Number of protein chains: 2
Amino acid sequence: MAHFPCAKEIDAKEVLKEKGLKSTPQRLAVLHVLHESTKYLSINNILDKTKEILPNTGLATIYRTLDVLADIGLISRVHFEDGCHTYAYSSDSHGHHIVCTKCNKIMDFAECPFEDYMENLSKRTGFKINNHFLQLFGECNECAGNAN
Amino acid sequence: MAHFPCAKEIDAKEVLKEKGLKSTPQRLAVLHVLHESTKYLSINNILDKTKEILPNTGLATIYRTLDVLADIGLISRVHFEDGCHTYAYSSDSHGHHIVCTKCNKIMDFAECPFEDYMENLSKRTGFKINNHFLQLFGECNECAGNAN
DNA sequence: CCTTAATTGAGAAACTTTCTCAATTATAAA
DNA sequence: TTTATAATTGAGAAAGTTTCTCAATTAAGG
Ligand SMILES: [Zn+2]
Ligand SMILES: [Zn+2]
Ligand SMILES: [Zn+2]
Ligand SMILES: [Zn+2]
């Protein structure tokens with residue numbers, strides 16, 4: 001709630017406009033919730049936090065909004081080996097995530113180690129590679145430091 | 001159906017035994033279905049194909065079996081940017097997949113380009129990286145060659 | 001063979017996601 | 001400013017997915 005709207009949310013209005021989409025309070029609120037969080041959030045996490053800003057927000061709107069924001073690259077879906085459908089803010093359209101498996105903290109890193117590797121792999125496999133999905137799991141410095 | 005059981009399925013019996021799990025016809029049939037397929041398969045794909053071998057197989061058994069096989073590394077879950085929960089055979093426990101987005105064909109490649117990169121990234125982010133998830137999307141040689 | 005604990009099938013229950021539609025609202029044109 | 005319009009929303013119903021329960025079955029070891 002602290003600083004709303006912030007620069008990122010003003011940018012978002014531009015992106016929405018470019019795509020011919022409306023800048024609704026619901027969309028900005030959901031984006032704000034994800035932007036403010038250092039952890040990945042489930043659908044229900046997002047609904048609850050969005051309702052703190054806009055109490056009447058409906059669940060269907062959350063689903064629709066997350067699809068819209070993910071499609072235009074303002075947020076990312078976060079996948080886990082045994083189930084997915086959580087979401088996180090994405091600071092960069094080519095952002096990969098590191099997830100702390102202890103406290104759920106999430107960090108995105110923009111640079112990508114794949115550019116070279118791709119061509120090589122393309123040749124060997126015969127696949128024309130268009131896209132990739134990378135996610136790292138581990139422990140953040142706080143959690144790795146703690147004995148618990 | 002062609003060659004059942006094949007070498008891979010005999011190996012699977014060993015792995016199940018090591019873990020104290022029973023080698024049931026259902027588990028071997030599901031593994032066979034995934035092993036035989038060149039494409040990733042949804043839960044319902046797997047149920048249908050398993051029923052061709054064991055007609056009474058129940059849906060709950062498919063869910064339970066996929067969890068077991070994935071936990072012991074004989075198969076992998078395949079994730080997509082906008083939804084997941086499909087499955088594929090995994091020839092290697094550190095196997096990453098390339099998925100053809102036109103025909104759903106899937107190929108796993110065992111070698112991993114990350115070993116070096118990890119340490120570097122660990123230092124910069126402060127995360128202790130334990131695990132990673134990588135998947136590539138593109139077009140297989142057949143699909144890339146065809147105009148359609 | 002027996003025994004025993006693990007596994008299964010079936011359907012119920014719980015949970016998640018999508019759909020429908022009337023009411024509302026952001027936007028741009030007048 | 002108003003006004004017109006198409007996009008978006010909330011609510012609840014519907015559809016779809018996953019998990020649970022439990023009696024019956026069965027794999028595996030003695
Ligand atoms: Zn942490
Ligand atoms: Zn990348
Ligand atoms: Zn293909
Ligand atoms: Zn790897």
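Note on naming: letters A, B, ... go to the chains in the order of the sequence lines (proteins, then strands), and numbering restarts at 1 for each one. These figures come from a predicted structure and were not determined experimentally.
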Margin query: From CG of B:D67 over to P of D:dT17, roughly how many Å is that when rounded to an integer?
Written below: 17 Å

Check: Any donor-acceptor pair under 3.5 Å linking the side chain of A:R27 with the backbone of A:T65?
Finding: no

Item checked: Any donor-acceptor pair under 3.5 Å from B:S37 side chain to B:V33 backbone -> no

Item checked: salt bridge (charged side-chain N to carboxylate O under 4.0 Å, His left out) against B:D71, all qualifying residues, sequence neighbours excluded -> none

Next item on the list: Rounded to the nearest 0.5 Å, what's the gap from NE2 on A:H32 to CG on A:L54? Could you check?
Entry: 10.5 Å

Next item on the list: Take atom CD1 of A:I53 and atom C1' of D:dT9, then tell me their distance rounded to the nearest Å.
Entry: 17 Å

Notebook entry, point to check: Who pairs with A:K105 by salt bridge (charged side-chain N to carboxylate O under 4.0 Å, His left out), at least two apart in sequence or on another chain?
Noted result: A:E142

Next item on the list: Report the distance from atom CG of A:L47 to atom C1' of D:dT9, rounded to the nearest whole Å.
Entry: 14 Å

Notebook entry, point to check: Got A:E36 and A:K49 here, is their nearest side-chain heavy-atom distance under 4.5 Å?
Noted result: no

Note to self: Holding to side-chain hydrogen bond (donor to acceptor under 3.5 Å, both in side chains), I want the full list of residues that pass it with A:N131, two or more places apart in sequence or in another chain.
What the structure shows: none

Notebook entry, point to check: For D:dG10, does either OP1 or OP2 sit under 4.0 Å from a side-chain N or O belonging to A:Q26?
Noted result: yes

Next item on the list: Not counting sequence neighbours, list each pair that qualifies as a ring pair (Phe, Tyr, Trp, His ring centres under 6.0 Å) and has a residue in residues 46-76 of chain B.
Entry: none

Notebook entry, point to check: Can you check whether B:T24 has a side-chain N or O nearer than 4.0 Å to OP1 or OP2 of C:dT8?
Noted result: yes

Dump the pairs, protein N or O against N or O of nucleotides 3-6 of chain C, anything under 3.5 Å, distances to one decimal.
| from | atom 1 | to | atom 2 | distance (Å) |
| --- | --- | --- | --- | --- |
| C:dA6 | N3 | B:K22 | NZ | 3.3 |

Margin query: Can you list, in residue-number order, the parts of residues 56-63 of chain A that come under 4.0 Å of DNA chain D, counting heavy atoms only?
Written below: A:N56, A:T57, A:G58, A:A60, A:T61

